[in-house]
Protein chains: 2
Amino acid sequence: MARTVDPEKHRARRLLIIDAALTCFAESGYAGTSTAAICRRAGIGSGTFFHYFPTKQSLLLAILALGTDETRAWFAACPADGSPIAVVEAYLDHTSAQMADPRMPGFVRAVGAVVGEPEVDAALDEDTRVLQDGLEPWIVRAQEAGEVRTDLPAHDLTSWVLVVLDGFLGRLATDAAFTAEKQAGTLRDAVRRLLAVSEV
Amino acid sequence: MARTVDPEKHRARRLLIIDAALTCFAESGYAGTSTAAICRRAGIGSGTFFHYFPTKQSLLLAILALGTDETRAWFAACPADGSPIAVVEAYLDHTSAQMADPRMPGFVRAVGAVVGEPEVDAALDEDTRVLQDGLEPWIVRAQEAGEVRTDLPAHDLTSWVLVVLDGFLGRLATDAAFTAEKQAGTLRDAVRRLLAVSEV
DNA sequence: CCTTTAGTGGAGTACGTGCTCTAGTATTGC
DNA sequence: GCAATACTAGAGCACGTACTCCACTAAAGG
């Protein structure tokens, strides 16, 4: 009898589909992308698609989980020493670097608009929760170190860092002249100003 | 023979459909909303719907045009005297006030993800262009008056104000605890810090 | 009054969708 | 070699979609 032929090959093909889907979603949105379009881009039949993912939604959830895991891993691998505000800025740089792939901003925007499907909503909620929970402790430490203003609670400050970050991603998606490489510095500057102790 | 019965009634019914569509789009996204759902919400038959709008897309374009016109009108009615930075902040307040309608953030997010349809893309482009062109002259004046930093060109500064504003709207749509009323003050503060002359 | 027509509703239609089913192939253990 | 099974492709299906068509009403000239 024959069992799993090659788990590595399986994983590779799975990633191939995920990659094709990422491109399609970024180009046409989630609802605007048909499974047939993903199959065409990936060069597979629809039977193969549904062999790897039971539903179109499960594919989206798999991609989202990949991103959430990545965020979790980044904060887990984050060095505990050094200036806390440097960690915040390092994360901003990390995100900017990720957005060098021109599909990413479009994907983020496309996925943010998927609403009404409870499982997707839950996945998106968890994604922002992981990010917020990863960032907030560093803001707290920065406040304790006197590096960051204390007139707003750390939770609110963290939310506002994410506000700027989300706006940044959105602009990347819609404005061709606005690129991650050119604006990464200003992003750091904007967040530094947002968090600065000095009253303006 | 009988001609136009009552143009006012026509306009009112049109707005009724637009209002119903706004609710549906905000709840379920553009692609996720069927014309049948809009008809149900508006309490009309589908024949009536297509009597007022030739396609579903044209309805979306009509809503977008309403918003763009509103923005244009706001800047046209803007007083030329007074501190230029006050105009910028007034616009922020104006937007915050508009977002008091809980459907608006969801609608903005839903519409931002509609991509691939050239006419919609064009309408969205014009919308941001009107906003950018409305705001930028005031940033220029503020720079000339020494109220705003000059280490970045006015165009970039304007873009970054819109980055913060877009991020603000996005957060309103996804975070129930983040409301326009509570955060409007911080929005003003964030933009003030972004534009401030002082190096941080 | 009758005629004309903007306005209205809803059954009907053509089509694209996510997904299933089946037949076939490659690859493994024996 | 042979049997068993992971994998692949694509035709086909049930369904929901945007949109059409037609019968009907109400209101305004003449």
Side-chain angles (χ1 to χ4, degrees), chain A residues 1-21 24-25 27-63 110-111 113-120, chain B residues 1-21 24-25 27-63 110-111 113-120:
Chain A
M1 49 179 89
R3 291 288 163 78
T4 37
V5 183
D6 189 351
E8 202 51 45
K9 204 174 165 187
H10 186 94
R11 245 177 50 89
R13 196 119 203 199
R14 214 179 119 93
L15 285 177
L16 177 81
I17 298 175
I18 284 182
D19 191 76
C24 291
F25 290 159
E27 264 176 19
S28 320
Y30 175 70
T33 298
S34 64
T35 57
I38 300 172
C39 293
R40 229 175 296 126
R41 175 100 46 174
I44 59 170
S46 89
T48 306
F49 179 97
F50 287 99
H51 177 75
Y52 284 87
F53 298 96
T55 63
K56 180 186 168 186
Q57 189 188 94
S58 73
L59 165 61
L60 176 59
L61 292 175
I63 303 181
V111 162
V114 179
V115 280
E117 311 189 53
E119 302 197 62
V120 178
Chain B
M1 52 180 88
R3 292 287 162 81
T4 39
V5 183
D6 190 349
E8 203 51 46
K9 203 174 168 187
H10 186 93
R11 245 177 49 89
R13 197 120 205 198
R14 213 180 120 93
L15 285 176
L16 177 80
I17 297 175
I18 284 182
D19 190 75
C24 291
F25 289 160
E27 264 176 19
S28 322
Y30 175 70
T33 297
S34 65
T35 56
I38 299 172
C39 292
R40 228 175 297 127
R41 174 100 47 174
I44 60 171
S46 90
T48 307
F49 179 98
F50 287 100
H51 177 73
Y52 284 88
F53 299 96
T55 62
K56 180 184 167 187
Q57 189 187 94
S58 74
L59 165 62
L60 175 61
L61 292 175
I63 303 181
V111 162
V114 180
V115 280
E117 310 189 53
E119 302 197 63
V120 179

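Order of the sequence lines fixes the chain letters, A, B, ..., with proteins taken first and strands second; residue numbering starts at 1 for each chain. Just so you know, these numbers come straight off a predicted model, no measurement behind them.
- Residues A:Gly47 and A:Tyr30 both approach DNA chain C. Their nearest nucleotides, taken by heavy-atom distance, put A:Tyr30 toward the 5′ side.
- Side chain of B:Thr33 to main chain of B:Gly29: a donor-acceptor pair is present (N/O by atom type, distance under 3.5 Å, no hydrogens or angles).
- Scanning atom types as modelled, one donor and one acceptor separated by under 3.5 angstrom connect the side chain of B:Ser46 and the base of D:dT20.
- Remark: B:Thr48 is not in phosphate contact with C:dG7, judged by side-chain N or O atoms under 4.0 Å from OP1 or OP2.
- With distances taken from any side-chain atom of A:Ile44 to the nucleotides D:dC19, D:dA9, C:dC19, the minimum falls on D:dA9.
- Atom-to-atom, CZ of B:Phe50 to P of D:dT20 comes out at 7 Å; the value is rounded to the nearest Å.
- Taking OG1 from B:Thr55 and CZ from B:Phe50, the interatomic distance works out to 7.5 Å, rounded to the nearest 0.5 Å.
- Two residues are said to be in side-chain contact when any heavy atoms from C-beta on lie closer than 4.5 Å; A:Gln57 and A:Val120 meet this criterion.
- The interatomic distance linking A:Phe53 (CZ) with D:dT8 (P) rounds to 12 Å, in whole Å.
- Heavy-atom distances to DNA chain D give each of B:Ala36 and A:Gly43 a nearest nucleotide, and the one nearer the 5′ end belongs to A:Gly43.
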**Request:** Show your reasoning for whether side-chain contact (heavy atoms from CB on, under 4.5 Å) applies to A:Tyr30 and A:Val111.
**Result:** CA-CA 7 Å; A:Tyr30 175 70; A:Val111 162; 5.7 Å; no
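- Residue A:Arg40 contributes atom CZ, which lies 11 Å from atom P of C:dG18 at whole-angstrom precision.
- Between B:His51 and C:dA6, a side-chain N or O to OP1/OP2 separation shorter than 4.0 Å is absent.
- With respect to A:Arg41 and A:Glu27, a salt bridge is recorded, a charged nitrogen being found less than 4.0 Å from a carboxylate O.
- The distance from atom CD1 of A:Ile38 to atom C1' of C:dC19 is 13 Å, rounded to the nearest whole Å.
- When the P atom of D:dA18 is taken as reference, atom CG of B:Leu59 falls 11 Å away, rounded to whole Å.
- OP1 or OP2 of D:dG16 has not a single side-chain nitrogen or oxygen of B:Ser34 nearer than 4.0 Å.
- At D:dA6, none of the side-chain N or O atoms of A:His10 fall inside 4.0 Å of OP1 or OP2 (strictly under the cut-off).
- At whole-Å resolution of the value, CZ in B:Arg14 and C1' in C:dA6 are 16 Å apart.
- Using a 4.0 Å heavy-atom criterion, one finds that A:Thr33 contacts the sugar-phosphate atoms exclusively.
- A:Tyr52 comes within contact range of the sugar-phosphate backbone alone, with a heavy-atom separation under 4.0 Å but no base atom that close.
- Going from atom CD1 of B:Ile17 over to atom P of D:dA18 covers 15 Å, rounded to whole Å.
- Protein atom CG of B:Leu16 is 15 Å distant from nucleotide atom P of C:dG7, rounded to whole Å.
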